[in-house]
Trainee: 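The structure that follows is given in the form of structure tokens.
All ligand and atom numbering here is 1-based and tracks the order in the structure. These values consider heavy atoms only, across backbone and side chains, with no hydrogens, waters or symmetry-generated copies. Keep in mind the model is a prediction, meaning the values are calculated, not measured.
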Amino acid sequence: MSPLRYLENVVTLELDKEICIGCGMCAVVCPHGVFAVEERQARIIDRDACIECGACAGNCPVTALKVKAGVGCASAIIQGWLTGKEPNCDCGGSC
Ligand code: SF4
Ligand code: SF4
């Protein structure tokens, strides 16, 4: 379980188990260990650790995941890690 927590019960993350093919990509890209993948099926094991960065939904090959991806510095930093580009959230360094 991630030590970093978001607000409880407000996360918009949704997993459609009927569509999931169990590729495991969501568990690979999620920086907060939100998913477990067992027997070709993803499961949300720590929903409140989700920071709504959007990486899982953006990398799911069958669009089984939906999340209202946040904006701001945290999201930009994670996207920077994933893409290898300089993080940029357009805040001008004010936060
Ligand atoms: S990335 Fe999508 S298809 Fe792959 S395990 Fe996760 S939810 Fe399932
Ligand atoms: S939105 Fe980000 S933090 Fe939340 S489950 Fe997906 S990859 Fe993990």
Side-chain angles (χ1 to χ4, degrees):
M1 182 179 287
S2 170
L4 298 174
R5 313 299 296 170
Y6 199 53
L7 297 173
E8 289 190 8
N9 300 320
V10 298
V11 171
T12 60
L13 178 67
E14 290 177 31
L15 164 64
D16 188 335
K17 291 183 177 176
E18 301 296 317
I19 299 175
C20 172
I21 57 171
C23 70
M25 190 56 76
C26 52
V28 170
V29 300
C30 178
H32 278 210
V34 169
F35 301 99
V37 181
E38 295 158 354
E39 298 179 359
R40 307 294 291 172
Q41 178 68 67
R43 222 164 26 96
I44 296 172
I45 58 170
D46 194 8
R47 175 183 296 276
D48 288 336
C50 174
I51 57 170
E52 299 183 321
C53 68
C56 56
N59 285 281
C60 176
V62 293
T63 61
L65 292 161
K66 290 196 177 95
V67 65
K68 287 184 185 164
V71 294
C73 294
S75 178
I77 288 167
I78 291 164
Q79 290 299 329
W81 288 341
L82 294 171
T83 62
K85 294 178 184 163
E86 191 69 26
N88 181 7
C89 65
D90 293 326
C91 73
S94 61
C95 52

Trainee: Please list, in number order, the atoms of ligand 2 under 4.0 Å from a heavy atom of C30.
Mentor: 3 (S), 5 (S), 7 (S), 8 (Fe)
Trainee: Going by the atom numbers of ligand 2, which of them fall below 4.0 Å from some non-hydrogen atom of G54?
Mentor: 1 (S), 2 (Fe)
Trainee: Would you mind listing which atoms of ligand 2 come within a distance below 4.0 Å of any non-hydrogen atom of E52?
Mentor: 1 (S), 4 (Fe)
Trainee: Specify the protein heavy atom at minimum distance from atom 6 (Fe) of ligand 2: its residue, its atom name, and the distance to 0.1 Å.
Mentor: C56 SG, 2.3 Å
Trainee: Let me check something: do V34 and V11 share a hydrophobic cluster, defined by ILVMFWY side-chain heavy atoms less than 4.5 Å apart, either directly or through other members?
Mentor: yes
Trainee: Hey, does the side chain of R43 reach the backbone of E38 with a donor-acceptor pair shorter than 3.5 angstrom?
Mentor: no
Trainee: Could you work out, for atom 3 (S) of ligand 1, the closest of I19, I21, D16, L15 by heavy-atom distance?
Mentor: I21
Trainee: Give me the residue, atom name and distance of the protein heavy atom closest to atom 5 (S) of ligand 2.
Mentor: F35 CE1, 3.4 Å
Trainee: Mark up the atoms of ligand 1 that fall under 4.0 Å of a heavy atom belonging to G24, in ascending order.
Mentor: 4 (Fe), 5 (S)
Trainee: Report the nearest protein non-hydrogen atom to atom 2 (Fe) of ligand 2: residue, atom name, distance rounded to 0.1 Å.
Mentor: C53 SG, 2.3 Å
Trainee: Against heavy atoms of V62, which atoms of ligand 1 measure under 4.0 Å?
Mentor: 3 (S)
Trainee: Measure from atom 4 (Fe) of ligand 1 to each N, O or S atom of C23 and report whether any distance is below 2.8 Å.
Mentor: yes
Trainee: Please identify which atoms of ligand 2 are closer than 4.0 Å to at least one heavy atom of I51.
Mentor: 3 (S), 4 (Fe)
Trainee: Between atom 8 (Fe) of ligand 2 and H32, is there an N, O or S atom separated by less than 2.8 Å?
Mentor: no
Trainee: Starting from atom 4 (Fe) of ligand 2, which protein heavy atom do you reach first, and at what distance in Å?
Mentor: C50 SG, 2.3 Å
Trainee: Number the atoms of ligand 1 from 1 as they appear, then name those within less than 4.0 Å of a heavy atom of L65, with their elements.
Mentor: 7 (S)
Trainee: Atom 8 (Fe) of ligand 1: which protein heavy atom is closest, and how many Å away?
Mentor: C20 SG, 2.4 Å
Trainee: Which ligand 2 atoms does L13 reach within 4.0 Å, using its non-hydrogen atoms?
Mentor: 5 (S)
